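Numbers restart at 1 for each chain; the letters A, B, ... are given by sequence-line order, proteins then strands. The model shown is predicted, which means the values in this text are computed figures rather than measured ones.
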Amino acid sequence: MMAPMSKYPFHEIETKWQRYWDEHQSFAVTEDPSIPKDKRVYVLDMFPYPSGAGLHVGHPEGYTATDIYCRFLRMNGYNVLHPMGFDSFGLPAENYAIKTGTHPRTTTEKNIENFRKQIKSLGFSYDWNREISTHRSDYYRWTQWIFIQLFNKNLAYESHTPINWCEACKTGLANEEVKEGKCERCGTTVVRKNIRQWVLKITEYADKLLADLDSVDWPESVKLMQRNWIGRSEGASVFFKVDGMDAQLEVYTTRADTLFGATYMVVAPEHPLVAQLTKAEQKEAVEEYLESSARKSDLERTDLAKEKTGVFSGSYAINPVNGKLIPIWVADYVLISYGTGAIMAVPAHDTRDWEFAKKFDLPIVEVLKSEVDVQTQAWTEDGVHVNSDFLDGLNKEDAIKTMLAWLEEHKLGSKAVNYKLRDWIFSRQRYWGEPIPLVHCPTCGTVAVPEDQLPLLLPEVSSYEPSGTGESPLAKIDEWVNCSCPVCGGKAKRETNTMPQWAGSCWYYLRYLDPENDKQFVSAEKEAYWMPVDLYVGGAEHAVLHLLYARFWHKVLFDLGLVSTSEPFKRLVNQGMITSYAFQRKDKSLVPTDMVEEKETDVFVEKATGEVLERVIAKMSKSLKNVINPDEIISEYGADSMRMYEMFMGPLEVSKPWATTGLVGVYRFLDRIYRLFEERTVIDEQPSDELNRTLHKTIKKVTYDTNTLNFNTAISQMMVLVNELYKVETLPRVVAETLVKLLGPYVPHLAEELWERLGHSGGLSTVAWPQFVEELTVDNQIEMVFQVNGKVRSKVTVSKGLGKDEVLAMAKKDEKLASWLEGRTIVKEIVVADKLVNIVVK
RNA sequence: GCCGAAAUGGUGGAAUAGGUAGACACAAGGGACUUAAAAUCCCUUGCUCGCAAGGGCGUACGGGUUCAAUUCCCGUUUUCGGCACCA
């Protein structure tokens, strides 16, 4: 697309002011103690992973939003901390290293250079003196240090239970990194693998992580996702004796009240009692089943469409409430990782149990009065209890209470709480991450690397290839692995796993506060000066990953007295995704943009076949050739246009499609402003009342909308003002200066330039934000509507503040209303002051 | 399947303590300027009937509450996001 011809020299202006801000350190910030706490603001962007592809149009969206907000706050007298850095450990650089032999550090640092340059080209007001990168040893030294604090607090442990393993990435994954049974990063189906892992006890904080969600100003959707992920449920532990055996099975159930309907039990294949429960005659069948379910991937096991499978163990349990013998089955629809890995099955009222009972011909007993025949389908709604002895006639709530009391009285069970949240699998079998600072000593066990020996540097390797056996490339470097035990001095081996990419981002917001500190991860004074983060802006994809992990670490640091707040991010805003247009055939397949021709307005045709295509909204992707490159946009239209267009597209939080024609509209707006100042004479006279009113309305709306991050409507109001200005010959100074100030946060380069041309020096960024006069924002002439039976029949312009009787009389006399009122009886008259009159007739 | 969010002109989107639907922008059409084009400026633009005055319809769909519903309530559909045998 050709850039439009223009007089507006954005390139010159943008280069000039970016240099000015750099040279004057305009946005460097210090912890000035004279500024009161409520005038200190910490505004944070989610830092990017510096990928080789460079900045995506999605990045500037959130960054522009926070930049506008920060510049607005500065002009309103706030001390604003607004830093940027790089989440620079991660798989892409390492995979590139495997392919090319280039050290991930080389690739990463080159990419960081590029990212920094790109980010700077948008004119964001970051304090670059505070830039951090998580892969640098002066940063990861403290990541390791925090890990040791967790280790010392018994929040890190070694586990040998099977974990999610990605064959393509050749590493273990956390539960949070598995989406629909696939690796979140590469889409490979995840398998279960038994390897040694370091795991963090995030479950120990499940209750706090849940409860404190109530105290943060976050989108409800994100809070809900975290609540669901933590998945707290209240129920009961119930003990079942095993017939003829000195063993008992503990189950977890949320519906202890349905115990009379428990007709069999199921244990997960991995349950520790399986062997003991298996009778000789069932041994072969059980072993075969255990083997076959071990072979299944998690996806296969949890696939709902799959038929239930299982095998009878040969043993029976005794239902504690009625003494009945019920068979114990082994089936993989019960998960070892939730509850106790064993359940009581109530097939009449649980779909899963019902399917299993039908398949294996197990009895189904109705215990909740059902509206269907429970022999033909499960009844999962509420119902009055039946066939339940002392619970008969009770509702759900009362029956649960009664049963719990009964169980506790007979010492057969008790109230219990369970969480879906699992501990965090924290080790990765890869190279490009923080080495876990632990040493395995044959005599002392696992010990932490002493803090004065940090950072434990990532060693150089000759091959980045992961072994795939569950060992990281570090395991191959004997001289690094072999070390002496920091406690006893004997021969020991280093831990060779590295940390996941999430580690560095768990605390980076704290390091910005004190990035040079080589004594502490952050000084207490600086932490107290700025924390918590007042506004955190980023993509919704981190709703449960980064945001849950960071909250967890923060709470640990809080409990250790190392930070002053229990939550790190007071307010969170998710920016919506910037999507793109794509073209769809009738069979719903998508056609790359370069294979499409626009025959006439909004009629799109596939070049090869002539098929008419439908324009749809899709994610930007290389394969669809609809990716927008920010560098190209900036060079053709300028950073100010890019920034303002991304804000003008629509509300920050929703996803919206990129349209370059829309960008051109914003460009034209900026060009119009530039020409306005070029062509009109600035006069020192007061503006007309009408213009002055528009001016004050604009100040009011832009102030309010900027403060609430409603940038799209603020921009449209500025457009209204500029349209008004084009109607007058001259440019009153007060209007010109106010407009420039309002534009400052949005298009800082252009605004600085115009500010200078208006005769000011010293830059715009600390100039006071304009104030409006409320009386000047209201019209004294307003348009009122007269309705008959709720339909607008006439509109009149009247002066503001007329009395009810007065306007009612006007309405009744209105010519246009006459024919609608004629011959009718007035039933009701409604007057809304300064808005409307509605006459109801029969 | 469950949970959540959303649905407004040709397009992106405005407007909800219930009170003139479509601000602003794009696209489209017309005009001015120009030898011409680009750029720029001005006008029109929800659909529909009508020469016009004016009328009817219209905020995914179907109901309801109300003098009045994009806004509140009930139901349905579609799209997007999350979860997925969590007992």
Visitor: Whole-Å distance between B:C24 C1' and A:Met718 CE?
Guide: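 Atom-to-atom, A:Met718 to B:C24, this comes out as 12 Å.
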
Visitor: Closest approach to the side chain of A:Lys420, judged atom by atom: which nucleotide of B:A15, B:C41, B:C83 is it?
Guide: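 Shortest atom-to-atom distance from the side chain points to B:C83.
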
Visitor: When the ring planes of A:Tyr667 and A:Tyr8 are compared, do they come out parallel, tilted or perpendicular, using 30° and 60° as the limits?
Guide: tilted

Visitor: Using the closest heavy atom to pick a nucleotide of RNA chain B for each, name whichever of A:Tyr645 or A:Lys701 lands nearer the 5' end.
Guide: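 It is A:Tyr645, whose closest nucleotide lies nearer the 5' terminus.
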
Visitor: Say you pick atom C1' in B:U35 and the same atom in B:A14; how far apart are they, in whole Å?
Guide: 44 Å

Visitor: Write down the distance between CG (A:Leu547) and C1' (B:G82), rounded to a whole number of angstrom.
Guide: 14 Å

Visitor: When you measure from the side chain of A:Arg672, which nucleotide among B:G13, B:C41, B:G82 comes out closest?
Guide: B:C41

Visitor: Distance from A:Glu679 atom CD to A:Tyr726 atom OH, nearest 0.5 Å?
Guide: 5.5 Å

Visitor: So for atom CD, which belongs to A:Glu729, do other residues, nucleotides or ligands contribute more than 12 heavy atoms lying within a distance under 6.0 Å?
Guide: no

Visitor: Compare the minimum distances between each of B:A87, B:C24, B:C26 and the side chain of A:Ser716, then state the nucleotide with the smallest one.
Guide: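 Within the option list, the nearest is B:C24.
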
Visitor: Of all the choices, B:U11, B:G12, B:A27, which nucleotide is nearest to the side chain of A:Arg615 once you look at every atom?
Guide: B:U11

Visitor: One thing to verify: whether A:Arg232 and A:Glu234 come together as a salt bridge, which I'm taking to mean a side-chain N less than 4.0 angstrom from a carboxylate O.
Guide: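 Result for this pair is yes, salt bridge flagged.
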
Visitor: Could you tell me the separation between the CZ atom of A:Arg422 and the P atom of B:C83, rounded to a whole number of Å?
Guide: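 Taking atom P of B:C83 as the reference, CZ of A:Arg422 is at 13 Å.
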
Visitor: Tabulated below should be each protein N or O lying under 3.5 Å from an N or O of nucleotides 53-60 of chain B; please produce it.
Guide:
unit_1 : atom_1 : unit_2   : atom_2 : d
B:G56  : OP1    : A:Arg793 : NH2    : 3.3
B:G56  : OP2    : A:Arg793 : NH1    : 3.2
B:C57  : OP2    : A:Lys791 : NZ     : 2.9

Visitor: Taking a pair as Watson-Crick or G-U wobble with both distances under 3.5 Å, which nucleotide is matched to B:A84?
Guide: none

Visitor: Between A:Leu421 and A:Ile617, just flag the one whose closest nucleotide in RNA chain B comes earlier from the 5' side.
Guide: A:Ile617

Visitor: Strictly below 4.0 Å, N to O, side chains only: are A:Arg255 and A:Asp257 in salt-bridge contact?
Guide: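 Looking at A:Asp257 together with A:Arg255, the answer is yes, because their closest N to O distance falls below 4.0 Å.
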
Visitor: Using the P atom on both, measure B:U79 against B:U8 and round to a whole Å.
Guide: 14 Å

Visitor: Which base, if any, makes a Watson-Crick or G-U wobble pair with B:U40, both distances under 3.5 Å?
Guide: B:A32

Visitor: Which of the following nucleotides, B:G81, B:U11, B:A84, is nearest to the side chain of A:Trp229?
Guide: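 Closest nucleotide among those given: B:A84.
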
Visitor: If we ignore hydrogens and angles and just use 3.5 Å, is the side chain of A:His11 paired with the main-chain N or O of A:Gly638 as donor and acceptor?
Guide: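 Such a contact is absent between A:His11 side chain and A:Gly638 backbone.
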
Visitor: Write down the protein N/O and nucleotide N/O pairs, taken from nucleotides 63-69 of chain B, whose separation is under 3.5 Å; answer none if there are no such pairs.
Guide:
unit_1 : atom_1 : unit_2   : atom_2 : d
B:C67  : OP1    : A:Lys828 : NZ     : 3.3
B:C67  : O2'    : A:Asn838 : ND2    : 3.3
B:C67  : O2     : A:Asn838 : ND2    : 2.6

Visitor: Measuring to OP1 and OP2 of B:A87, would you say a side-chain N or O of A:Tyr338 lies under 4.0 angstrom away?
Guide: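 Checking B:A87 against A:Tyr338, a side-chain N or O does come within under 4.0 Å of OP1 or OP2.
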
Visitor: Over all strands shown, is A:Lys835 touching base, sugar-phosphate only, or nothing at heavy-atom distances under 4.0 angstrom?
Guide: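 Sugar-phosphate contact only - A:Lys835 comes under 4.0 Å of backbone atoms but never of a base.
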
Visitor: Sequence neighbours excluded, which residues qualify as salt bridge (Lys or Arg N to Asp or Glu O under 4.0 Å) partners of A:Lys835?
Guide: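 A:Lys835: no salt bridge (Lys or Arg N to Asp or Glu O under 4.0 Å) contacts found.
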
Visitor: Let's test this: given Watson-Crick or G-U wobble pairing with both distances under 3.5 Å, identify the partner of B:G62.
Guide: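 Its partner is B:C74.
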
Visitor: Rounded to whole Å, how long is the line connecting atom CG of A:Asp705 with atom C1' of B:G13?
Guide: 14 Å

Visitor: Checking base pairs now: Watson-Crick or wobble, both atom distances under 3.5 Å. What partners B:A15?
Guide: none

Visitor: Let me know the distance between CZ of A:Phe669 and P of B:C41, rounded to the nearest Å.
Guide: 12 Å

Visitor: Between B:U20, B:A87, B:G82, spot the one nearest the side chain of A:Ile343, thanks.
Guide: B:A87

Visitor: Return yes if the base of B:C85 and the side-chain atoms of A:Lys308 contain a donor-acceptor N/O pair under 3.5 Å, otherwise no.
Guide: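 Indeed, a donor on one side and an acceptor on the other fall under 3.5 Å apart.
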
Visitor: Between A:Tyr333 and A:Ile343, is there a side-chain heavy-atom distance shorter than 4.5 Å?
Guide: yes

Visitor: Using a 4.0 Å heavy-atom cut-off, does A:Asp353 contact any base of the nucleic acid, only the sugar-phosphate backbone, or nothing at all?
Guide: nothing

Visitor: In whole angstrom, give the distance that lies between atom CD of A:Glu783 and atom P of B:A23.
Guide: 14 Å

Visitor: Using atom C1' in both nucleotides, what's the gap between B:G4 and B:C42 to the nearest angstrom?
Guide: 48 Å

Visitor: A:Val720 has a side chain; which of B:C24, B:U20, B:C26 sits nearest to it?
Guide: B:C24

Visitor: Which value, in whole Å, describes the distance between the P atoms of nucleotides B:A7 and B:U70?
Guide: 14 Å

Visitor: Do the charged groups of A:Asp217 and A:Lys223 touch, with an N to O distance under 4.0 Å?
Guide: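 Salt bridge between A:Asp217 and A:Lys223, a charged N being under 4.0 Å from a carboxylate O: no.
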
Visitor: Between B:C26 atom P and A:Tyr637 atom OH, what is the distance in whole Å?
Guide: 13 Å

Visitor: Using the C1' atoms only, state how far B:A68 lies from B:C49, rounded to an integer number of Å.
Guide: 26 Å

Visitor: Taking only Lys NZ, Arg NE, NH1 and NH2, and the carboxylate oxygens of Asp or Glu, determine whether A:Lys656 and A:Glu61 approach each other closer than 4.0 Å.
Guide: yes

Visitor: Between B:C24, B:G13, B:C85, which nucleotide has the shortest distance from any of its atoms to the side chain of A:Asn723?
Guide: B:C24

Visitor: Please tell me which of the listed nucleotides, B:G82, B:G13, B:G4, lies nearest to the side chain of A:Leu224?
Guide: B:G4

Visitor: Please determine whether a side-chain nitrogen of the Lys or Arg among A:Glu307 and A:Lys359 lies less than 4.0 Å from a carboxylate oxygen of the Asp or Glu.
Guide: yes

Visitor: Should A:Arg227 be listed as having a side-chain N or O under 4.0 Å from OP1 or OP2 of B:G4?
Guide: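 So the side chain of A:Arg227 is outside the cut-off, no N or O lying under 4.0 Å from OP1 or OP2 of B:G4.
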
Visitor: Just N and O in the side chain of A:Arg668: are any of them under 4.0 Å from OP1 or OP2 of B:A39?
Guide: no

Visitor: Please determine if A:Arg793 forms a cation-pi arrangement with A:Phe786, meaning its NZ or CZ atom is less than 6.0 Å from the six-membered ring centre and no more than 45° off the ring axis.
Guide: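 Relative to the ring axis of A:Phe786, which defines the angle, A:Arg793 lies outside at least one limit.
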
Visitor: May I have the distance from A:Ile326 (atom CD1) to B:A87 (atom C1'), rounded to whole angstrom?
Guide: 14 Å

